[in-house]
Each structure stands twice: as structure tokens, then as C-alpha cells.
Colleague: 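Please see the structure below; I have some questions.
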Amino acid sequence: MTTTSKVYDRSWISDYFHDFPHINFNFKKVNSTFNPENVDYVESLAILVLFPIAVSLVLCLVYLVYFFAHCLQKQSSQHRHKQGGSGCFTAFVFLLGLFIECLVGFGFFQNERADDGVDGVRHAVNNINATIATAKSSLTNLDAKVDEITGSLASALEASAGGIPDPKMKKKIIDMIEQMSRQTVSAKTDLRVVSKLDTCEEYLTDVHHYLQEYEYYRWAGTICIFVIYAGLFMCVLAALLKHWKGLLKVTAGFGVILAVMFWGFLGVYLSSSVGLSDFCLDPTAYFVKELTGSESSGELLMYMKCSDPSQPYQKIIVEAQNALTQANSVLDAIAQNTRPYGLPGFEETIKIAEDNIVQAQCNLSSILTNVGTCTVLHNHYITGVNSACHGTLQSVALLLLLAALLALLSAIMIFLISCLWRTYGKRQIPQYREADDTDPFLPRPPPYEPEYGSITRASPAAWSDRRALRAQHPSVNEEQVMFLRHQQMPGREDSPPPAYHSGQFSSQYLEAALSSNAGKPRN
């Protein structure tokens, strides 16, 4: 049996958020004690949700004015040449987007941590209910054994004792049987107070159902918000890498539309942090207030505080155990006194009654271990409170900080990318113009081959087909033409260089090359 009681240590986070102002819809300060049944207290938590939403509406108005001013500025300077954005500025915005994605990833982790804390509370509630159910089952078995002993077995013993020939001994045995029945019944009567724990079990079952439903919506909603954040800023990063001006505009538009949801998400976690901190300031006081008026309110308070480990039922259960021990001793005395008479079936009945008393004592030991002392239920209770007020509260506070950072950085990012996309000019579509034949810098086909480069002829004509040049240079053959040495003709200082392409020469250069190479051996 566990003898050491756990202790609840209040976290500094609960003190910090508990000091937040609690103001109702009439802007009057209300009591900050956790009381979800009080209308003013609920309104004070609702104010904490509505305040960030009001900030988001003001921010949307700022967005509207900002974009309208830039539209007017664009119309007044629409003929201005656009220059590419600064590489440092683009890199800064890109790194900021990566940082936001890291925050979103950390948010997924803290969401799971908060869910683990709520799971710890649910497990503690289940353990308390299981402990109470075990004690109730042992109490039911005890009642059945006691009823059997005081009913059919006692009647069978009295009937057998009627066969004793000595009247004095007969009366003595019957008195001992009645004494054994009274002691056994007293054990059953003393333990009726344990049945009061039914109220606790029903209340904790309701708490478990509420936690399960609330946590499902909180976990799923947080996942959805973080997925939207991650998708939005992945689009921003892709647009920055590819310089997609259209995608930047779309993400900025969605950011403005989703601003109310992002800031509302911040408000929900702000309200949850304050409400949970109010509860964790003194959780026992809230449960005592909730259970005041029920039959088991005193016993439950003993389990929660557990200032005396012997409370609430140890004394009663020990007395019941002593009564059963005395009843068993009486049965032994009855067996010894009736053994000389050899009563038929009496020994067997005594043996059955003793076995039932032993089983009843085992049930009493189980009841004493589970609910007789406050240690077991108190430790389960403290485990649940620590899971809620340490694990869950810390994760909810970190999620609140993340929600504030993401909402603020999202607002800043919208302004930054709106400044960045204006530096991205429209993609230039190449436009083709007709060639100016008088431009000396443009390449043109040689004068001796007017059809080169056209559709009808895609390659230069063979030397055998160039009749005019062959007539002027009869000593030059096909092989010499392929290995001509080009000699640069001196030109005027104020004349631009002629258009030149490898393997193409104007007629004057070709004739000069043929003249200078005539009769020379090939290298």
C-alpha cells in the first residue's frame, strides 16, 4: 500500500496569468477566482478573445489604406522604369519566411505536448474511477458473504445445534451463533458510508467526457491553423525563389483575409491560458465548491487534501475487520464445543462459514487499500492536477506566445512582400524588328552568294557551282578554297569594322585571299 502522499506545487505561470485584468462587458472589474458558472467571469474570458479580434479588424483597415495608397502611387508613376529588387532585402524576407516555418513546426510539437497533458488528466480521472469501482465491487462481495453467513449458514447451524441433548450447551451454542451473526452484520453496517463515493464517481465521469470533447476540438483546430500558416508561407518562399509576382499578391491577399482568424486564434489561447491559470491557483477550492451539498463532500475533501493519511475510513474498516475476526473466533469455539456430540453436517457448515469470513476479510483489505486511507486517491488526484497545471499550462502558454509571434510576423510579412513585388517588373516579351540593311554592324550574306541563308539554300554553294569566281581565278581549285588564309584589309580609321562570321567573307576579301595564296603550298 502506498504510504507517501504527493504534493501539488503551483507554477509561476499560473500566478502570472492570474494577475491579468478580468473585465466584463460593462468594463467593470470582476473576481478572478475560477468560476465558469458565473456570467461575469465568463464575460471576462470572452473579452480576452475579442480584444485580439478587434486588433485584427483595425489591422485590416490599415491594410486597406496602405494598398489603396500604393495603387494611387502606381498610377502616378506607371511610366517609371522598374528595377529589380535588392538581393539583401529579398534574402531578408526569405529568411523571415523560413523562421516563421520553424515557429509553425515548434507549434505542432507544443500542440502534442498540450494533448499529452490533457491525456494525463484523463488517465488520472480513469484511475480514480477504477479505484472507486474496485472498492465498490469489494463492498458488494462483502455484503454477499455477510448475508450468506448471517442467513442460510446461521440458520443451518442453529438447526444442527437443536440436536444437542444437553439443554445448557444447546442454549450456549445458539447464543454464540447469534453473537457471530451480530458481529458479522456490524462489519457490513459500518461500511455503508463507503457507498457515498458514488457521487464522486459520477462527477468524475462527467469531467472525463467534457475533457475528451474539448480537447478533440482544441487539438484539431490548432492543427488546422498551423497547416494554414505553413501552406501560406510555403507559397511565399516559392514566390520569392521564382520571383512570381502574381503568387506574392495572392498570398498577401489571403494573409489579409485570414488575419481575423489568426488573431482570433491568439485570443482563444490567451483566454485559455488565463482561465487555466485561475483554476490552477487553487484547484482544490474549486472542486470543494462544486461538490458542496453532496453526501460525500467531506470525504472528498479529505481525499484531496489528505492531511491525515488514516482518513476517511481506516478506523471503520479496522473495526469491521476486528468484528469478523471475533466472529471467526466464535465459530472456532462453536466447533470445539459441538465436536463431542458428532452432529451430522455441522462441521461442514462451520467450514463454509469460516471460508466466507476469510473472503470477507480479503474484501475488507481491498477496501482499506483503495479508499480506506486517502493516499491512493489523493495521489491520483495530484497526478491529474500536475498534468493540467504543469504540462498542459506550460504548453498552452508557449502556444499563446507562438500565436502572438505568428500573428505579428504575418502582419509584417504582408507589408514586406507588398514592397517586394512592386520591384518585380513585368516579364519582357522579345519583339522582332525588320533588319536595317544599311547598318554596317548587322551580319549579311556574301555578295557572291545571294541565296545563302534562304529557305532554298541552307549551306554555301560548292566551288564548282561558282562560275563567276572560277572564271576570274581559273588556277584555284576546290581544296584551296577550303584552306584560304584570310588577310585583313587595311581600313579607314573612322570606318567601323565590318560584320564578320567565321567562314564567310565578302568578295573583296575572298579575291584578295585568292590572289595572295595563289601558287603557295598548303600547310
Side-chain angles (χ1 to χ4, degrees), residues 9-24 30 32-36 41-59 96 99-121 211 214-230 232-233 255 258-281 283 385-413:
D9 293 326
R10 191 171 64 202
S11 173
W12 65 269
I13 301 177
S14 59
D15 294 327
Y16 175 77
F17 283 108
H18 180 71
D19 293 335
F20 271 49
H22 292 66
I23 302 172
N24 61 9
V30 300
S32 59
T33 302
F34 183 74
N35 188 9
Y41 180 80
V42 174
E43 288 180 356
S44 67
L45 296 182
I47 285 288
L48 298 177
V49 178
L50 296 176
F51 178 73
I53 295 178
V55 172
S56 69
L57 295 177
V58 174
L59 188 61
L96 182 60
F99 176 69
I100 293 175
E101 292 289 356
C102 293
L103 290 180
V104 171
F106 185 67
F108 282 115
F109 172 72
Q110 287 302 324
N111 188 45
E112 295 300 323
R113 287 284 303 274
D115 185 67
D116 291 341
V118 177
D119 282 340
V121 177
L211 284 174
Y214 169 78
E215 175 58 16
Y216 172 77
Y217 289 111
R218 186 208 65 81
W219 180 85
T222 303
I223 290 292
C224 291
I225 294 295
F226 282 143
V227 167
I228 293 174
Y229 267 120
L232 190 66
F233 286 101
L258 297 174
V260 177
M261 183 178 66
F262 291 158
W263 287 82
F265 175 70
L266 166 63
V268 169
Y269 270 99
L270 176 60
S271 177
S272 300
S273 299
V274 173
L276 187 57
S277 297
D278 294 340
F279 167 78
C280 293
L281 195 71
V385 171
N386 284 334
S387 296
C389 298
H390 287 276
T392 301
L393 181 59
Q394 291 175 5
S395 297
V396 169
L398 286 174
L399 286 172
L400 169 63
L401 178 62
L402 285 175
L405 285 175
L406 289 174
L408 182 61
L409 292 177
S410 298
I412 296 174
M413 181 66 81

Colleague: For the CG atom of L399 and the CG atom of L270, what is their distance to the nearest 0.5 Å?
Modeller: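 Between atom CG of L399 and atom CG of L270 there are 13.0 Å.
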Colleague: Using every non-hydrogen atom in the two residues, find where Q394 and I13 come nearest and quote the distance to one decimal.
Modeller: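 Taking every non-hydrogen atom into account, CG-CD1, 3.7 Å.
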Colleague: Might you point out which heavy atoms bring A403 and L266 nearest each other, and give the distance in Å?
Modeller: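 Closest approach of A403 to L266, heavy atoms only: CB-CA, 3.9 Å.
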Colleague: Before giving the answer on side chain to side chain contact (heavy atoms under 4.5 Å, CB included), spell out for F279 and C389 the whole-Å C-alpha distance, their side-chain angles and the decisive distance to 0.1 Å.
Modeller: CA-CA 8 Å; F279 167 78; C389 298; 4.2 Å; yes
Colleague: Would you please name every residue forming a salt bridge (charged side-chain N to carboxylate O under 4.0 Å, His left out) with D15, sequence neighbours left out?
Modeller: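 Once residues adjacent in sequence are excluded, the partners of D15 under the salt bridge (charged side-chain N to carboxylate O under 4.0 Å, His left out) criterion are R10.
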Colleague: Working to the nearest 0.5 Å, report the span between CD of E101 and CG of L232.
Modeller: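 E101 atom CD to L232 atom CG measures 9.0 Å (nearest 0.5 Å).
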Colleague: Find the distance between CD (Q110) and CG (D115) and round it off to the nearest 0.5 Å.
Modeller: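 Here the rounded value is 12.5 Å.
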Colleague: Return the OH to CG distance between Y269 and L402, rounded to the nearest 0.5 Å.
Modeller: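 So the gap between those two atoms works out to 10.0 Å.
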Colleague: Quick one: do I100 and L406 satisfy side chain to side chain contact (heavy atoms under 4.5 Å, CB included)? Show the steps, please.
Modeller: CA-CA 7 Å; I100 293 175; L406 289 174; 3.7 Å; yes
Colleague: Answer yes or no: is there a side-chain heavy-atom contact under 4.5 Å between S56 and I53?
Modeller: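 SC-SC contact between S56 and I53 confirmed.
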Colleague: How far apart are the closest heavy atoms of L393 and S277, and which atoms are they?
Modeller: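 That would be CD1-OG, 3.6 Å.
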Colleague: Can you tell me how far the CG atom of N111 sits from the CZ atom of F106, to the nearest 0.5 Å?
Modeller: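 Going from the CG atom of N111 to the CZ atom of F106 covers 12.0 Å.
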Colleague: Mind checking whether F17 and F20 have parallel, tilted or perpendicular rings, split at 30° and 60°?
Modeller: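 It falls in the tilted class, 30° to 60°.
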Colleague: Of all the heavy-atom pairs spanning P283 and V385, show the shortest one and how long it is.
Modeller: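 Here P283 and V385 meet closest at CG-CG1, 3.7 Å.
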Colleague: Please name the pair of heavy atoms, one in V104 and one in F226, separated by the smallest distance, quoted to 0.1 Å.
Modeller: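 So the two residues come closest at CG1-O, 3.4 Å.
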Colleague: I need the minimum non-hydrogen distance between L276 and T392, along with the two atoms involved.
Modeller: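 Minimum heavy-atom separation between L276 and T392: CD2-CG2, 4.1 Å.
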Colleague: Start with the C-alpha distance between T222 and F265, add both sets of side-chain angles, then the distance that settles side chain to side chain contact (heavy atoms under 4.5 Å, CB included), and finish with yes or no.
Modeller: CA-CA 8 Å; T222 303; F265 175 70; 4.0 Å; yes
Colleague: On the 0 to 90° scale, with breaks at 30° and 60°, tag the Y41-H22 ring pair as parallel, tilted or perpendicular.
Modeller: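 If you compare the ring of Y41 with that of H22, the planes turn out parallel.
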Colleague: Would you indicate whether Y216, at its atom OH, is surrounded by more than 12 heavy atoms from other residues, nucleotides or ligands within a distance under 6.0 Å?
Modeller: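 At most 12 heavy atoms, drawn from other residues, nucleotides or ligands, come within 6.0 Å of this atom.
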Colleague: Hey, is the main chain of G391 close enough, under 3.5 Å, to the side chain of S395 for a donor-acceptor pair?
Modeller: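 A pair under 3.5 Å: yes.
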Colleague: Are there over 12 heavy-atom neighbours, none belonging to F51, within less than 6.0 Å of that residue's CZ?
Modeller: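 12 or below, so no.
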Colleague: Within the 4.5 Å heavy-atom criterion, are L400 and V396 side-chain neighbours or not?
Modeller: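 Counting from C-beta outward, L400 and V396 never come under 4.5 Å.
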Colleague: Out of curiosity, L409 CG to L96 CG, how far, rounded to the nearest 0.5 Å?
Modeller: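 If I round to the nearest 0.5 Å, the distance is 5.5 Å.
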Colleague: Fit a plane to each ring of F262 and Y229, take the angle between them on a 0 to 90° scale, and name the class: parallel (under 30°), tilted (30 to 60°) or perpendicular (over 60°).
Modeller: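 It falls in the parallel class, under 30°.
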Colleague: Mind running side chain to side chain contact (heavy atoms under 4.5 Å, CB included) on E215 and V121 for me, showing each step along the way?
Modeller: CA-CA 11 Å; E215 175 58 16; V121 177; over 6 Å; no
